[in-house]
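Working notes for the structure below.
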Amino acid sequence: MEEKTLKVRVDCCPECGSENLIRDYESREYVCGDCGLVIKEMEYDRGPEWRAFDLEQKEKRSRGGEPLTYTLHDKGLTTSISPFDRDTYRKPLKPEQKETFYRLRKWQKRMRLLDSSERSLAFALAQVNQISNNLLLPKYVVEYASQILTKLVKERLLRGRDIKSAAAAGVYLACRDLEIPRTLDEVAEAANEEKRRVGSTYRFIVQEGFKELDYKPPVPSHSMYVSKTGVSGLTEGITHKILRAAKEVKLTLGRSPIGTVTAAAYIASVLTGERLTQRDLAEKMRCTEVTIRNRYKELVERLMFIVEL
DNA sequence: AAGACGAAAGTGGTTGA
DNA sequence: TCAACAACTTTCGTCTT
């Protein structure tokens with residue numbers, strides 16, 4: 001069995017032993033809710049489904065320095081060879097040099113023949129880069145999304161499909177899998193694509209592209225979105241507490257997680273005096289003030305007396 | 001004046017016949 | 001496939017700080 005990278009899941013604070021850890025999904029850090037210690041999450045575990053990639057990568061690496069990045073299809077290795085058997089001084093080449101160049105050209109041609117999938121891969125990766133830039137995604141996410149697209153193109157699963165929406169779907173999948181709080185809406189917008197198309201391509205990728213792996217990306221959790229609200233320190237902790245309580249009384253079912261999180265953050269900010277306005281939160285979280293109000297009314301009615309602060 | 005509140009009407013997605 | 005439905009949005013007038 002191939003040993004996989006271990007994700008060091010932190011479940012309690014090494015300093016004070018508290019289990020009240022707050023996870024920041026953007027920076028992959030935990031903050032202890034009691035003593036404030038910052039704990040960095042270690043290596044990301046891509047799970048057994050990605051092992052093929054790792055093996056391949058390893059193999060190639062040991063052979064000849066394959067670029068370690070998937071974000072460029074050829075890492076700028078393309079070269080053009082002059083069709084004339086002359087050197088830079090336009091003098092004819094020596095016979096053995098001629099032979100060398102003949103071989104080089106032959107290989108160059110062979111490479112070109114492979115180009116149709118290379119081309120779409122290059123295009124796909126360029127798209128991934130652009131979309132990720134628009135979304136301000138960390139590098140490891142771009143890398144991961146690039147791996148996904150590379151796999152899809154290499155297995156010819158994207159033939160006849162719109163590469164651009166596939167790139168968007170790949171970025172979205174990477175975000176989902178790495179628990180980066182980005183909505184389908186945001187990704188579609190960053191890709192300048194219709195949400196519907198990205199969504200259906202996403203479903204296709206998950207179903208068809210990873211069929212053999214019985215793979216499902218994690219469902220976005222409430223706490224994922226908390227770091228996005230921009231509330232700080234104490235407020236963040238209270239937001240998490242409110243959300244936990246909300247879940248207990250089933251106030252989260254059927255509601256959009258964004259609305260619930262935003263409302264919880266609003267309440268928390270009022271409680272701590274940070275006092276974020278509904279408008280700012282609504283804008284940042286891409287929901288409306290009305291939704292915040294509806295959620296927060298429910299929350300206050302049902303559980304403010306339950307939450308101990 | 002800015003923020004919060006809520007009513008009313010409209011929209012897109014889910015569910016069940 | 002269609003209708004019913006709840007959540008959510010948009011818009012706008014009113015109240016509060």
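Quick note: numbers below take in every heavy atom, side chains included, and nothing from hydrogens, waters or symmetry partners. Within every chain, numbering begins at 1; the chains are lettered A, B, ... in the order of the sequence lines, protein sequences first and strands thereafter.
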* Structure fact -> Taken in chain and number order and not counting sequence neighbours, the residues that satisfy side-chain hydrogen bond (donor to acceptor under 3.5 Å, both in side chains) with Asp280(A) are Thr277(A)

* Asked: How would you list, by chain and number, every residue that makes a side-chain hydrogen bond (donor to acceptor under 3.5 Å, both in side chains) with Glu193(A), sequence neighbours excluded?
  -> Arg197(A)

Nucleotide N/O of nucleotides 5-11 of chain B paired with protein N/O under 3.5 Å:
{"residue": "dC5(B)", "atom": "OP1", "partner": "Tyr296(A)", "partner atom": "OH", "Å": "2.6"}
{"residue": "dC5(B)", "atom": "OP2", "partner": "Gln278(A)", "partner atom": "NE2", "Å": "2.6"}
{"residue": "dC5(B)", "atom": "OP2", "partner": "Tyr296(A)", "partner atom": "OH", "Å": "3.4"}
{"residue": "dG6(B)", "atom": "N7", "partner": "Arg293(A)", "partner atom": "NE", "Å": "3.2"}
{"residue": "dG6(B)", "atom": "N7", "partner": "Arg293(A)", "partner atom": "NH2", "Å": "3.0"}
{"residue": "dG6(B)", "atom": "O6", "partner": "Arg293(A)", "partner atom": "NH2", "Å": "2.9"}

Given atom [atom1] of [X] and atom [atom2] of [N], what is their separation to the nearest angstrom?
X	N	atom1	atom2	value
Glu194(A)	dG12(B)	CD	P	12 Å
Arg255(A)	dC5(C)	CZ	P	18 Å
Arg279(A)	dA1(B)	CZ	P	14 Å
Leu253(A)	dT14(B)	CG	C1'	15 Å
Leu276(A)	dA2(B)	CG	P	18 Å
Leu184(A)	dG12(B)	CG	C1'	14 Å
Asn294(A)	dA4(B)	CG	P	15 Å

* To do: Select base, sugar-phosphate, or nothing to describe what Gly254(A) touches, counting heavy atoms under 4.0 Å on all strands.
  => sugar-phosphate

* To do: Identify whether any heavy atom of Thr288(A) sits under 4.0 Å from a base atom; if not, whether one sits that close to sugar-phosphate; answer base, sugar-phosphate or nothing.
  => base

* side chain to side chain contact (heavy atoms under 4.5 Å, CB included) partners of Ala168(A), counting only residues at least two apart -> Ile131(A), Val187(A), Ala191(A), Val198(A)

* Taking all atoms of both residues into account, what is the closest heavy-atom pair of Pro181(A) and Glu186(A), and its distance? -> O-OE1, 4.3 Å

* Going by heavy atoms in the side chains, are Leu173(A) and Pro217(A) under 4.5 Å from each other? -> yes

* To do: Return yes if some donor-acceptor pair links the side-chain N/O of Ser269(A) with the main-chain N/O of Leu276(A) below 3.5 Å, else return no.
  => yes

* Would you kindly say whether Thr235(A) and Thr272(A) are connected by a side-chain donor-acceptor distance under 3.5 Å? => yes

* Could you spell out the base pairing of DNA chain C in dot-bracket, with Watson-Crick or G-U pairs whose two distances are under 3.5 Å, [ ] crossing and | to another strand? -> |||||.|||||||||||

* Asked: How about Arg196(A): does its CZ atom have over 12 heavy atoms from other parts shown lying under 6.0 Å from it?
  -> no

* To do: Specify the residue among Arg275(A) and Lys195(A) whose closest nucleotide of DNA chain B lies further upstream toward the 5′ end.
  => Arg275(A)

* ring-ring contact (aromatic ring centres under 6.0 Å, His included) partners of Phe204(A), counting only residues at least two apart -> none

